[in-house]
Amino acid sequence: MAKKQPQPEVKREIKERIPVWMYPSTLAMMDGAIQQANCKSRSEFLEEAAKYYARYVSAENAIQYLPPMLVSAFKGTVHESENHISRLLFKLAVEMDIVMNILAAETNVSPDAVEKVRGRCMQHVKKTCGYISFRDAAEYQYRPEDDDE
């Protein structure tokens with residue numbers, strides 16, 4: 001027989017009565033929405049509406065306030081974008097591998113020279129936030145020897 005788990009104490013609150021003034025059109029709109037909101041009374045409807053709006057204003061969890069179909073559409077769009085970018089990055093990596101293999105086969109570059117260039121290129125990419133061009137590389141390669149960065 002399973003042992004009964006102790007139940008946490010629930011803090012009981014006592015409801016307070018407050019005066020509420022509403023326009024007749026707002027009251028009619030609320031009365032029309034009570035059943036849709038699955039509320040039993042105006043009081044329950046107003047309480048749920050106040051909680052909802054307070055969370056909305058404080059942006060506790062903004063995704064709760066978006067329609068589920070909209071959230072689903074956003075997730076689908078993001079997922080498709082991720083897949084597209086992944087496929088493009090794979091294709092780019094294959095092309096880069098081809099270029100590097102052809103270049104390595106046709107040139108006689110030492111591994112030490114490659115590591116030296118790699119270090120300089122990493123610094124350049126960091127400094128330019130990834131904005132690189134073939135022209136910049138060509139200018140660097142054909143600069144005078146005493147002109148170091």
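What you see is a predicted model, and the numbers here were worked out from it, not measured in a lab. Hydrogens, waters and symmetry mates play no part in the numbers below; they use all other heavy atoms, side chains included. Nothing fancy with the numbering, it's 1 onward along the sequence.
- Remark: Arg120 is positioned above the aromatic ring of Tyr140, its terminal NZ or CZ atom under 6.0 angstrom from the ring centre and at most 45 degrees off the axis.
- Atom OG in Ser43 sits 10.0 Å away from atom CD in Glu48 (nearest 0.5 Å).
- Lys51 has its side chain within reach of Glu47: a pair of non-hydrogen atoms, C-beta onward, lies under 4.5 Å apart.
- With contacts defined as side-chain heavy-atom distances shorter than 4.5 Å, the pair Leu46/Met30 qualifies.
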- Item | Check against side-chain hydrogen bond (donor to acceptor under 3.5 Å, both in side chains), Asn83 and Ser86 | CA-CA 5 Å; Asn83 286 341; Ser86 294; 5.5 Å; no
- Item | Test log, rule side-chain contact (heavy atoms from CB on, under 4.5 Å), inputs Thr128 and Ile132 | CA-CA 7 Å; Thr128 63; Ile132 55 175; 4.0 Å; yes
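- In this structure, the side chain of Glu44 engages the main chain of Lys40 through a donor-acceptor pair within 3.5 Å.
- Atom CE of Met29 is separated from atom CE of Met22 by 9.5 Å, given to the nearest 0.5 angstrom.
- Closest approach of Phe45 to Cys39, counting heavy atoms only: CA-SG, 3.7 Å.
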What pairs of donor and acceptor atoms, side-chain ones from residues 92-107 against any protein atom, are under 3.5 angstrom apart with sequence neighbours left out?
residue : atom : partner : partner atom : Å
Asp97   : OD1  : Asn101  : ND2          : 3.0
Asn101  : ND2  : Asp97   : O            : 2.8
Thr107  : OG1  : Leu103  : O            : 2.8

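- We find the NZ-CD distance between Lys15 and Glu13 to be 10.0 Å, quoted to the nearest 0.5 Å.
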- For the pair Arg12 and Ile14, evaluate side-chain contact (heavy atoms from CB on, under 4.5 Å) and give the outcome as yes or no after the intermediate values. CA-CA 7 Å; Arg12 296 270 181 185; Ile14 299 172; over 6 Å; no
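- The neighbour count for Arg87 CZ, taken as heavy atoms of other residues, nucleotides or ligands under 6.0 Å away, is above 12.
- Few gaps surround CG on Leu27; more than 12 heavy atoms of other groups in view lie less than 6.0 Å from it.
- Annotation: the span from Met122 atom CE to Lys127 atom NZ amounts to 15.0 Å, rounded to 0.5 Å.
- The hydrophobic clustering, which links ILVMFWY residues whose side-chain heavy atoms are closer than 4.5 Å, places Ile34 and Tyr52 apart.
- Residues Asp112 and Glu115 are not in side-chain contact: their nearest non-hydrogen atoms beyond the backbone lie 4.5 Å or more apart.
- Taking CD1 of Ile85 as the start and CD of Glu80 as the end, the distance is 11.5 Å to the nearest 0.5 Å.
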- Task: Run the numbers on Glu139 and Arg135 for salt bridge (Lys or Arg N to Asp or Glu O under 4.0 Å), then give the verdict.
- Result: CA-CA 6 Å; Glu139 287 174 0; Arg135 172 181 229 132; 3.5 Å; yes
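- Counted within 6.0 Å of CD on Gln35, heavy atoms from surrounding residues, nucleotides or ligands total 12 or fewer; the atom is thus considered open.
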